[in-house]
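Since the model is a prediction, treat every value here as computed from it, not as a measurement.
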Amino acid sequence: MNYLPYILKKEKYKKIKFKVSKTQHLLIKAKINGVKGNFILDTGASNSCIGFESVELFLLEAKKSKTQASGAGATGMFTQIAVGNKLLLGNWKHSDFELVIFDLSHVNAALIQHKAKPVHGIIGADILMKGKGIIDYYNHCLYLL
C-alpha cells in the first residue's frame, strides 16, 4: 500500500494532479491572477516563467529585467519580470508570486512538433522550494505545503 498520500495529508500538504505529455513533460494547470493556464512542471527551471504572448492574458505588469534567460536549446534571451502575482495550484496558494517573462516560442515549437499542446509557461523550482514540494511520479501528483 502507498502510504505517502496519507502521511502528506496529515502534514497538511495540498495535492495537485498533473499529467504526463507525449514528450514526457509534466503538465499542470494553474491560475495566475485568477486566469487558468497550462504549464510544464519543471524541476530544472530555477524560476517560474511565462511567455511574452501571455502577459495580457494573465494580467501581468511587465517590468524591465537585467537578467538574461537560458534554457534547453537557447541562451542569452531577453527577459522581463512581473512581481506581486497570485498563483493557485489546486488548493495551494501563493499571493506574492514573481514570474520571469521571456520568449517561450522555442519550447512550444518543440511541443507542437511532437503533437503535444503548447503551454503558457513553466512552474519551476522556485515554487517547488517555496511549497516544500514533493513529486509523486507514480501517481502523477505534486504535493505542496
Side-chain angles (χ1 to χ4, degrees), residues 2 4-5 8-9 11-145:
N2 184 2
L4 185 64
L8 295 176
K9 187 174 182 180
E11 295 296 318
K12 306 286 188 225
Y13 272 83
K14 307 282 189 208
K15 177 180 173 180
I16 304 113
K17 292 230 175 231
F18 62 78
K19 293 182 178 178
V20 180
S21 73
K22 296 172 187 173
T23 55
Q24 297 300 303
H25 288 96
L26 309 184
L27 302 177
I28 194 162
K29 294 192 181 296
K31 273 189 184 180
I32 296 176
N33 300 326
V35 180
K36 291 180 187 176
N38 298 312
F39 295 82
I40 291 173
L41 179 62
D42 187 349
T43 61
S46 54
N47 295 90
S48 295
C49 52
I50 206 152
F52 285 123
E53 66 284 346
S54 298
V55 168
E56 287 182 25
L57 174 68
F58 291 105
L59 314 170
L60 304 178
E61 284 187 43
K63 296 179 181 173
K64 289 182 182 176
S65 170
K66 291 178 183 167
T67 306
Q68 287 193 331
S70 61
T75 58
M77 294 183 292
F78 168 75
T79 67
Q80 290 182 310
I81 195 157
V83 298
N85 300 290
K86 291 178 173 50
L87 172 67
L88 186 65
L89 285 165
N91 290 326
W92 186 84
K93 295 177 189 171
H94 185 16
S95 59
D96 190 14
F97 175 55
E98 188 175 292
L99 276 166
V100 172
I101 305 163
F102 80 115
D103 183 3
L104 267 182
S105 61
H106 68 288
V107 172
N108 281 323
L111 290 170
I112 291 165
Q113 186 178 349
H114 289 91
K115 296 183 175 38
K117 290 182 182 176
V119 295
H120 295 103
I122 295 166
I123 301 297
D126 54 343
I127 292 303
L128 296 172
M129 291 171 63
K130 173 82 178 164
K132 299 180 182 175
I134 296 171
I135 300 174
D136 179 352
Y137 287 93
Y138 183 77
N139 293 301
H140 299 176
C141 294
L142 167 66
Y143 293 91
L144 295 172
L145 187 59

Give the minimum heavy-atom separation between [X] and [Y], together with the two atoms involved.
X: L145; Y: W92; result: O-NE1, 2.9 Å
X: F18; Y: L26; result: CE1-CD2, 3.6 Å
X: E53; Y: L104; result: OE2-CB, 4.4 Å
X: L57; Y: V35; result: O-CG2, 3.4 Å
X: E98; Y: I81; result: OE2-CD1, 3.2 Å
X: L144; Y: G133; result: CD2-CA, 3.6 Å

Query - Min side-chain heavy-atom separation L4-Y138 under 4.5 Å - result: no

Requested in this report: May I ask you to test the F52-Q80 pair for a side-chain heavy-atom distance under 4.5 Å?
Outcome: yes

Query raised in the report: Checking side-chain contact (heavy atoms from CB on, under 4.5 Å) for the pair L60/N33: CA distance, chi angles, key distance, verdict?
Result: CA-CA 8 Å; L60 304 178; N33 300 326; 3.6 Å; yes

Query - N108 side chain vs V119 backbone, donor-acceptor pair below 3.5 Å - result: yes

Report task. Ignoring hydrogens and angles, tell me if any N or O in the side chain of K14 forms a donor-acceptor pair with the backbone of G90 under 3.5 Å. Result -> no

Report task. Kindly assign one of parallel, tilted or perpendicular to the pair F58 and H120, based on the angle between their ring planes and the thresholds 30° and 60°. Result -> perpendicular

Query raised in the report: Parallel, tilted or perpendicular for Y13 and Y143, by the 30°/60° rule?
Result: perpendicular

Requested in this report: Tell me, with the steps shown, if K15 and L8 meet side-chain contact (heavy atoms from CB on, under 4.5 Å).
Outcome: CA-CA 9 Å; K15 177 180 173 180; L8 295 176; over 6 Å; no

Nearest 0.5 angstrom please: [X] [atom1] to [Y] [atom2], how far?
X: T43; Y: I40; atom1: OG1; atom2: CD1; result: 11.5 Å
X: N85; Y: I50; atom1: CG; atom2: CD1; result: 8.0 Å
X: L89; Y: L142; atom1: CG; atom2: CG; result: 7.0 Å
X: N47; Y: I123; atom1: CG; atom2: CD1; result: 11.5 Å
X: T79; Y: K63; atom1: OG1; atom2: NZ; result: 14.0 Å
X: S48; Y: L128; atom1: OG; atom2: CG; result: 7.5 Å

Query raised in the report: Stepwise, does the side-chain contact (heavy atoms from CB on, under 4.5 Å) test hold for I135 with L41?
Result: CA-CA 10 Å; I135 300 174; L41 179 62; 4.3 Å; yes

Report task. Using a cut-off of 6.0 Å, state whether more than 12 heavy atoms not belonging to E61 lie near its atom CD. Result -> no

Query raised in the report: What's the verdict on side-chain contact (heavy atoms from CB on, under 4.5 Å) for L111 and H25, showing C-alpha distance, side-chain angles and the deciding distance?
Result: CA-CA 9 Å; L111 290 170; H25 288 96; 3.8 Å; yes

